[in-house]
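Below: the structure, in structure tokens.
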Protein chains: 2
Amino acid sequence: MAAVNALRTGVMRLSRRLRHQRVDESLSPTEMSVLGTLARCGSATPSELARKEHVQPPSMTRIVAMLEAKGLVRLEPHPEDRRQKTVTQTERAESMLAASREKRNAWLAELAGQLDEDEWARLAAAAPVLEKLAHS
Amino acid sequence: MAAVNALRTGVMRLSRRLRHQRVDESLSPTEMSVLGTLARCGSATPSELARKEHVQPPSMTRIVAMLEAKGLVRLEPHPEDRRQKTVTQTERAESMLAASREKRNAWLAELAGQLDEDEWARLAAAAPVLEKLAHS
DNA sequence: CGTAACTCATTACCTAGGCTAAAGAACAGC
DNA sequence: GCTGTTCTTTAGCCTAGGTAATGAGTTACG
């Protein structure tokens, strides 16, 4: 049961540091996360994205608007429901993701330096579970 | 290298959910975290706490003021440096921590229901590493 | 000594990134 | 066709952090 405690405080503190040492200065972590989701799922409507990111629809409206303003995302009318919109990545988003993957690897290298191999393996093993938990 | 990606988004999303589904309604996650630190380390000065929680001193001033207003923490003049103050938990904080540990276990039970044993073991194994990372 | 430089806590103000409530447009079922 | 429901957006709020500047106390050095 002590593990829950450690998990909770570890996640909270690390998220604060992640938010701060963000890989790409111009994009918030949630914006990055949305781009990642779009890269995986192709296009989606704003409310689908909101559900996937566990964010309320109005928040997603703003995030998508930001991404559109930065030219990373395109908004098109939904083919069969005129209330909805479809959000798709632009080519620019793809190249930006690629570039930031580069930086992320540098950050990783520094990070991994502080951990021994076993510790890093544990993190890697837990990462998908964290994602599952975050989504469930 | 995909693991970093998963780790980052997992931590960010889970932290958002944690912040929302907080175990104790009256205390923010960071306040809980400070109490936990105090429980481990005994008393500390505000700037020591700020360093440990990776927060700027002004933020810690406010957090400590909150905790004091809620009667969870006592502020005393530092014995040998009149600029500083020492922050110590009250008895009330201890019993509150105990009570919230109770609730946390209930949340854990629900959580563990969604995971199989292996997944849970991975989280437990990674938790201390997360803490180390958050502190380093 | 005494003064200059530094450190700790605090104050005042700002920003980011969420939220809820409400409204307008489009759809679906009766 | 109405009525209720769903999707997005707008408006306004709140929380939790940050920076810059201040005041009091301490330390180092001339």
Side-chain angles (χ1 to χ4, degrees), chain A residues 9 11-22 24-35 43-70 73-88 134, chain B residues 9 11-22 24-35 43-70 73-88 134:
Chain A
T9 70
V11 166
M12 289 310 303
R13 285 202 269 241
L14 189 56
S15 80
R16 197 156 46 228
R17 301 202 71 189
L18 269 173
R19 195 171 288 278
H20 214 244
Q21 305 190 356
R22 63 182 53 164
D24 187 300
E25 295 301 325
S26 64
L27 248 52
S28 83
T30 307
E31 289 171 337
M32 281 296 289
S33 187
V34 169
L35 286 186
S43 59
T45 70
S47 38
E48 280 168 357
L49 287 174
R51 275 191 294 273
K52 282 181 186 166
E53 300 292 328
H54 287 290
V55 152
Q56 294 302 308
S59 305
M60 191 48 71
T61 293
R62 227 183 347 182
I63 293 166
V64 166
M66 275 293 180
L67 291 174
E68 193 190 20
K70 288 170 186 162
V73 123
R74 221 183 345 260
L75 277 170
E76 284 152 358
H78 192 282
E80 38 194 57
D81 183 343
R82 279 185 297 167
R83 291 171 302 179
Q84 304 185 52
K85 296 180 178 174
T86 63
V87 186
T88 44
Chain B
T9 70
V11 165
M12 289 310 303
R13 285 202 268 241
L14 189 55
S15 81
R16 196 155 47 227
R17 301 204 71 191
L18 269 172
R19 195 172 289 278
H20 213 247
Q21 305 190 358
R22 65 183 53 166
D24 187 299
E25 295 301 326
S26 64
L27 248 51
S28 83
T30 306
E31 288 171 336
M32 280 296 288
S33 186
V34 169
L35 284 186
S43 59
T45 70
S47 36
E48 280 168 358
L49 287 174
R51 275 190 295 272
K52 282 181 185 165
E53 300 292 328
H54 287 290
V55 152
Q56 295 303 307
S59 305
M60 190 49 72
T61 293
R62 221 170 356 169
I63 292 165
V64 165
M66 275 291 180
L67 290 174
E68 193 189 20
K70 287 172 186 162
V73 123
R74 220 182 347 260
L75 277 170
E76 283 151 0
H78 192 281
E80 37 194 58
D81 184 343
R82 280 185 296 169
R83 289 170 303 180
Q84 304 186 50
K85 295 180 178 173
T86 62
V87 186
T88 44

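Note that these values count all heavy atoms, side chains included, but never hydrogens, waters or copies made by symmetry. Every chain is numbered from 1 and lettered A, B, ... according to where its sequence line falls, protein lines coming before strand lines.
Less than 4.0 Å separates DNA chain D from no heavy atom of any residue of residues 44-51 of chain B. Applying a 4.0 Å cut-off to non-hydrogen atoms, the residues of residues 58-68 of chain A that approach DNA chain D are A/Pro58, A/Thr61, listed by residue number.
In this structure, the CD atom of A/Gln56 is 5 Å from the P atom of C/dT20, given to the nearest Å. Rounded to an integer number of Å, the gap from B/Arg16 CZ to C/dA16 C1' is 13 Å.
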### Message
side chain to side chain contact (heavy atoms under 4.5 Å, CB included) for A/Val87 and A/Glu48? Distances and angles first, verdict last.
### Response
CA-CA 10 Å; A/Val87 186; A/Glu48 280 168 357; over 6 Å; no

### Task
Starting from the C-alpha separation in whole Å, work towards a yes-or-no answer on side chain to side chain contact (heavy atoms under 4.5 Å, CB included) for B/Met60 and B/Ile63.
CA-CA 5 Å; B/Met60 190 49 72; B/Ile63 292 165; 4.2 Å; yes

### Stepwise side chain to side chain contact (heavy atoms under 4.5 Å, CB included) test for A/Thr30 and B/Arg16
CA-CA 10 Å; A/Thr30 307; B/Arg16 196 155 47 227; 3.1 Å; yes

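With sequence neighbours left out, the side chain to side chain contact (heavy atoms under 4.5 Å, CB included) criterion links B/Arg82 to no other residue. Residues meeting the side chain to side chain donor-acceptor pair (under 3.5 Å) test with B/Glu53, sequence neighbours left out: A/Arg13, B/Ser33, B/Thr37. Partners of A/Glu80 under the salt bridge (Lys or Arg N to Asp or Glu O under 4.0 Å) rule, at least two apart in sequence or in another chain, do not exist in this structure. Looking at residues two or more places apart in sequence or on another chain, you find a side chain to side chain donor-acceptor pair (under 3.5 Å) between B/Arg83 and B/Asp81. For B/Ser43, the side chain to side chain contact (heavy atoms under 4.5 Å, CB included) partners two or more places apart in sequence, or in a different chain, are B/Thr88. Remark: B/Thr9 pairs with A/Glu131 by the side chain to side chain donor-acceptor pair (under 3.5 Å) rule, at least two apart or across chains. The side chain to side chain donor-acceptor pair (under 3.5 Å) test applied to A/Thr61 returns no partner, not counting sequence neighbours.
Here the closest non-hydrogen pair linking B/Leu49 and B/Val64 is CD1-CG2, 4.3 Å. Nearest approach of A/Met12 to B/Pro29, heavy atoms of both residues: CE-CB, 3.9 Å. Counting all heavy atoms, side chain and backbone alike, A/Glu68 lies closest to A/Leu75 at OE1-CD1, 3.5 Å.
In this structure a side-chain-to-backbone donor-acceptor pair under 3.5 Å is present from A/Lys70 to A/Ser26.
First and last contacting nucleotides of DNA chain D toward chain A (any atom under 4.0 angstrom from a heavy atom, 5' to 3' order): D/dT6 to D/dG17.
Between the two ends of the helix from C/dC1-D/dG30 to C/dC30-D/dG1, each summarised by a five-pair axis, the helix axis turns through 10° (rounded to 10 degrees).
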### Query
Taking protein heavy atoms under 4.0 Å as touching, what does nucleotides 25-30 of chain C look like 5' to 3' if B marks base contact, S marks sugar-phosphate-only contact and - marks none?
-BS---

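Between B/Ser47 atom OG and B/Gln84 atom CD the span is 5.5 Å, to the nearest 0.5 Å.
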